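These notes are about the structure you will find just below.
In the text below, chain A, chain B and the rest are named by the order of the sequence lines, each starting its count at 1. Heavy-atom basis, side chains included; hydrogens, waters and symmetry copies ignored. As the structure is a computational prediction, the values presented were derived from the model and not from experiment.
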Number of protein chains: 2
Amino acid sequence: MGKSDQDLSTQIAQVLREAILTGQLMVDERLPSEAELAETHGVSRPTIREALKRLAAQSLIRTKRGAAGGAFVNQLRYEDAYRDQITTSTLLLSMNAIDFETACEARFALERACLPLATQRRTPDHLARMRAEIAAQGQEGLSDEGFCASDVAFHRAMVDAAGNPVLSYQLAGAVEAMQPLMNMITFTARNRSEIITRHQYLTDALEGNDTARAEAEVDLLRDYTIKLGQDVKAQRDERSAG
Amino acid sequence: MGKSDQDLSTQIAQVLREAILTGQLMVDERLPSEAELAETHGVSRPTIREALKRLAAQSLIRTKRGAAGGAFVNQLRYEDAYRDQITTSTLLLSMNAIDFETACEARFALERACLPLATQRRTPDHLARMRAEIAAQGQEGLSDEGFCASDVAFHRAMVDAAGNPVLSYQLAGAVEAMQPLMNMITFTARNRSEIITRHQYLTDALEGNDTARAEAEVDLLRDYTIKLGQDVKAQRDERSAG
DNA sequence: GTCTTAACAATTGTCAGACATTTAAATGTA
DNA sequence: TACATTTAAATGTCTGACAATTGTTAAGAC
C-alpha cells in the first residue's frame, strides 16, 4: 500500500505542502530539523533536503542556518507571487505557441475589467504615474524595448488605480508576460504617436471618471496593437516568401 | 567577488532556469547528466540534485531514470500552470488576510471581462455545461461545499466560453482560489434560489448574445455574493459579542 | 556586578563514495 | 528474424563525514 510510484522526496514534499496549505503548519512556524524529518519519515537526510528544496522553490518555506535555524513556513508575499506568475505566464506563452492576437485579446480584456473600479478610485498619484510614462514614451531616441517597458509601466499604474491588490496580482502575469511578444514589434514614430494618443485619452477618461470613454480607448488600443502584430507577421511572411 | 551569498544549489538552479527561459535550452532537450553538471559547476552531485529538484518543483524539467534517462526541459502544460496558480492564489488569500469583499470584487470584475467574448463565441456545449450545473445547484440535499463546487464549475464553463485559453488560465486562479472563502458561507434555500436565478438569466443572456444583460447579471451576482459575505460576518461578530 | 570574549552546541550546507533501481540498447542464441 | 540475456548509463537513495553559521553559555577581565 505504498503511496505511489513517485520519488520519496516528491511524496514527502507533498505531505509537507498539504500541512502548510491546510494550516497545520502556521506561518513562521518552524519545521522539524532535517535530521528529525529524516527519522520520522524513515529516509536519509539528502532525501529530506531534496523535499525541502522543492518547497523552497515554491516560496513555501525559507531556511536559516545556525543554532536557532531551520526551515520555517514562509509568508507568501505578493512580490514572490508576482515573480512566479510572470515567469510561468511567459513560459506558457512562449512554449505553447500562443499567437499574438490571443494574448493581446486576453490582456486588454482583463485591463478593461479594471476600468470601472479605476475610474472610481484613481488617485492623483496614479494619474501622475501614467502621465510620467506617457512623457517617457514620447522621448527621442527611445529604443523599442524601452518603449515597451514604459508601456507595461503605464498599464501597471492603470491596473493599480483599481485599488484591488488581487486584481493587480492577477493582471501582473497577463500584462508583463506579454512584454517579450511586444518586443518583437518594431514601432515607427507614427505607431508610437498613435499609442501615446490613446494613452493620453485613456488617462483623461480616468481623470474625468468616464468609464465608457476609457473602455472605448482600451478597445481602440487593443485593435491597434493587434493590427501592428498582424503587420509584423505579414512583413515577415513576405520576406521569407520573396 | 563570489556570485552571491546564496546556496550553491540556488545559484545553479538560477543559471539553468535562465537558460530555459531564454531558450538556450529548448523544450524536450536533455540537460547534461547529474555527474556532468557536477563536474562543470565544480560541485558535488547532491548539490546538483537539489538544484534540479528546485526546477522540477516549478515544472521546468522532468526526469526519467534508466539508460536514455536524464533531466529534460518540460513543456509547461496548462494543467500544471493552473494547479500552481490555484495553490498560489489560495495561499495569497489565506496568508495575507484578503477580505472576502476584495476577493469577490476581483473575481467578478475578471469574469465580467470575459462576457463580450463569451457572447460572441459561446457554443451549445458551453450553454449545456452551464445549464447542467444550474440543475445540479437546485438539487435537494446538496451540501454547501457541493453548491460552491458547482458554482465554480458553472463559472468555469462561462469563462471557457470566451474561447481564449490565456483568459481561462488567468481566471482559473481567481475563481477557484475563492472557493475556500466561499465555503465559509452557509447558503439558505432562499440564497440558493436567488443565485440560481442569476445563473439562469446569465445563461439566457449568453444564449441571446446580449452582453449588456450578461454584465448586469454578473454585477447583481457580485453584489449579492458580497452581501451574503457581510451577513455571515455580521452574524459571527454578533455571536462573539453576545 | 558587568562587560567582553571564548568555547559550545545545534543546524543547515557541502562533499565523497557507494549501492540500488530502472531502462534502453547491444549482444547472443534458437 | 525473433526472442532472451547481458550490459551500460542514468537517476534514486543511503551512509558518514566535515564546513560554515549562529544563538547560547560559561569563563575571565575590569
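Side-chain atoms of B/Gln24 and B/Glu18, non-hydrogen and from C-beta on, never get closer than 4.5 Å to each other. B/Asp84 has its side chain out of reach of A/Thr88: every pair of non-hydrogen atoms, C-beta onward, lies at least 4.5 Å apart.
Remark: P of D/dT21 and CD of B/Gln6 are 15 Å apart, rounded to the nearest angstrom. Across the protein-nucleic acid pair, A/Glu34 atom CD and D/dA20 atom C1' stand 14 Å apart, rounded to whole Å. In this structure, B/Arg62 places its CZ atom 15 Å from C1' of D/dA10, rounding to the nearest Å. At whole-Å resolution of the value, NE2 in A/His41 and P in D/dC14 are 13 Å apart. We find that CG of B/Leu37 is positioned 16 Å from P of C/dT14, with the value rounded to whole Å. As a whole-Å value, the separation of A/Glu39 CD from C/dA10 P is 15 Å. In this structure, A/Glu36 atom CD and C/dA10 atom P are separated by 11 Å, rounded to whole Å.
Regarding contacts with the backbone of C/dT11, a side-chain N or O of A/Arg30 is found under 4.0 angstrom from either OP1 or OP2. Residue A/Thr63 has a polar side-chain atom (N or O) positioned under 4.0 Å from OP1 or OP2 of C/dG13.
If you check residues 43-56 of chain B against DNA chain D, the residues with a heavy atom closer than 4.0 Å are B/Arg45, B/Arg49, B/Lys53, listed by number.
Between B/Phe147 and B/Phe187, the ring planes lie tilted relative to each other; the angle falls in the 30° to 60° range.
Checking B/Arg49, B/Lys53, B/Arg65 one by one against B/Glu34, the salt bridge (Lys or Arg N to Asp or Glu O under 4.0 Å) holds for a single residue, B/Arg49.
Around the CZ atom of B/Arg30, the shell of radius 6.0 Å holds more than 12 heavy atoms that belong to other residues, nucleotides or ligands.
Counting only N and O atoms by type, the side chains of B/Asp160 and B/Ser168 include a donor and acceptor under 3.5 Å apart.
Across all their heavy atoms, B/Glu176 and B/Ile86 have their closest contact at OE1-CD1, 3.5 Å.
Taking 3.5 Å as the limit, the base of D/dT22 and the side chain of A/Arg65 contain no donor-acceptor pair of atoms between them.
When distances run from any side-chain atom of A/Ala68 to the nucleotides D/dT13, C/dC15, D/dG23, the shortest one goes to D/dG23.
Residue order along DNA chain D, read from the 5' end via each residue's closest nucleotide, puts A/Leu8 first among A/Leu8 and A/Gly66.
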